[in-house]
Each structure stands twice: as C-alpha cells, then as structure tokens.
Amino acid sequence: MELAYQGEIITPPCCGRMDQACAYGKVPVFITLDGDRIEIQELRPKYDYYMVVADLMAGKNTQKILADLNSAFPGTKGKIAQDVRYYLGPVNKEIVDKAKKIMENDHPEKLGLLMTEAQHLFDQFVSAACPERIDISPAAQGP
C-alpha cells in the first residue's frame, strides 16, 4: 500500500491516503491520518450498512478541487481559508468520531442524519473554497 501511495503522489491527481481503505475490501475501517502517519482500525458495525453508488452524469475536476482546498493551508489568511481549516480540522474530527460510534452502537438511520448534518456544515464552511459547482438538477441535464 505504501508503494501504491508513493506512486499516486507523484502523478496527477496526487491522491491521498484514503484510497488505502480499498485494500480492506468489504471490511469497514476507521482511518486516522496525521502527517505521514496512518492508523487503520477495523470497525465492528452493530448493523449491516449498504452503499448506493450513482452516476449523476456530471463532471468534476478533482485536481482543481484539491488545489482549491490545499490553497487554504497552511495559515492562508481570509475567512474562506479559515472556514476550510475549521471544517477539515475540528468539525471533521467530531463528525468522524460520531460516525464511528454510531456504526458500532446505533441504528444506521442515525448515520444518515449525521451525514445530512455533515453536508450542511460542508456547504456552510467549504463550498465557497471550491467555486466549481456541479448542477444535477433536471433542467441542467437537458431534454
């Protein structure tokens, strides 16, 4: 996994370590990243969880999105950069800690409610840093 990661960071789009979770297959994992240190814990969910993957027929520029987010680090001045650091720091930690506890102890619907809250917070604190928007409304899709 380390060699695969080293290969990814020298080629576009310079992906991060979260791709490492794919090596665990169907086993849910909790990943903690701290600089170059990675810690992976296997989760033991109380209930089964199912994922739905959908193609919204919309494009995105991952390299631009990552560059926009990275421009908020380290210590870039301004409200947008400050909001990005706040969301991706303490807010993100709180969300993933709650998600872990929910998966191990509570009903899956609680995780859905938490993800809805996380999206609202993302929209509030991060979306301004990524001006590229994806419009998935029916009108944007054409006839």
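What you see is a predicted model; the values in this text were computed from it and never measured.
- Asn105 contributes atom CG, which lies 10.0 Å from atom NZ of Lys100 (distance to the nearest 0.5 angstrom).
- For the side chain to side chain donor-acceptor pair (under 3.5 Å) test, no residue two or more places apart in sequence or in another chain qualifies with Gln124.
- Scanning all heavy atoms of the two residues, the minimum distance from Cys130 to Ile65 falls at SG-CG2, 4.0 Å.
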For residues 82-95, run the donor-acceptor check on the side chains, cut-off 3.5 Å, and write out each pair with its distance to 0.1 Å, sequence neighbours left out.
unit_1	atom_1	unit_2	atom_2	d
Asp83	OD1	Lys79	NZ	3.2
Asp83	OD2	Lys79	NZ	2.9
Arg85	NH1	Ala72	O	2.7
Arg85	NH1	Thr76	O	2.9
Arg85	NH2	Thr76	O	3.2
Tyr87	OH	Ala118	O	3.3
Lys93	NZ	Asp97	OD2	2.8
Glu94	OE2	Lys98	NZ	3.2

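- The number of heavy-atom neighbours closer than 6.0 Å to CD1 of Ile80, taken from other residues, nucleotides and ligands shown, is 12 or below.
- Among residue pairs with one or both ends in residues 54-79, none qualify as ring-ring contact (aromatic ring centres under 6.0 Å, His included); sequence neighbours excluded.
- Qualifying side chain to side chain donor-acceptor pair (under 3.5 Å) partners for Asp123, counting only residues two or more places apart in sequence or in other chains: Gln119.
- With sequence neighbours excluded, the residues that form a salt bridge (Lys or Arg N to Asp or Glu O under 4.0 Å) with Lys110 are Asp106.
- Once rounded to the nearest 0.5 Å, the distance linking OG of Ser127 with CG of Asp68 reads 12.0 Å.
- For the ring-ring contact (aromatic ring centres under 6.0 Å, His included) condition, the pairs that include at least one residue of residues 25-60, sequence neighbours left out, are Tyr47-His107.
- Residues forming a salt bridge (Lys or Arg N to Asp or Glu O under 4.0 Å) with Glu109 (at least two apart in sequence, or on another chain): none.
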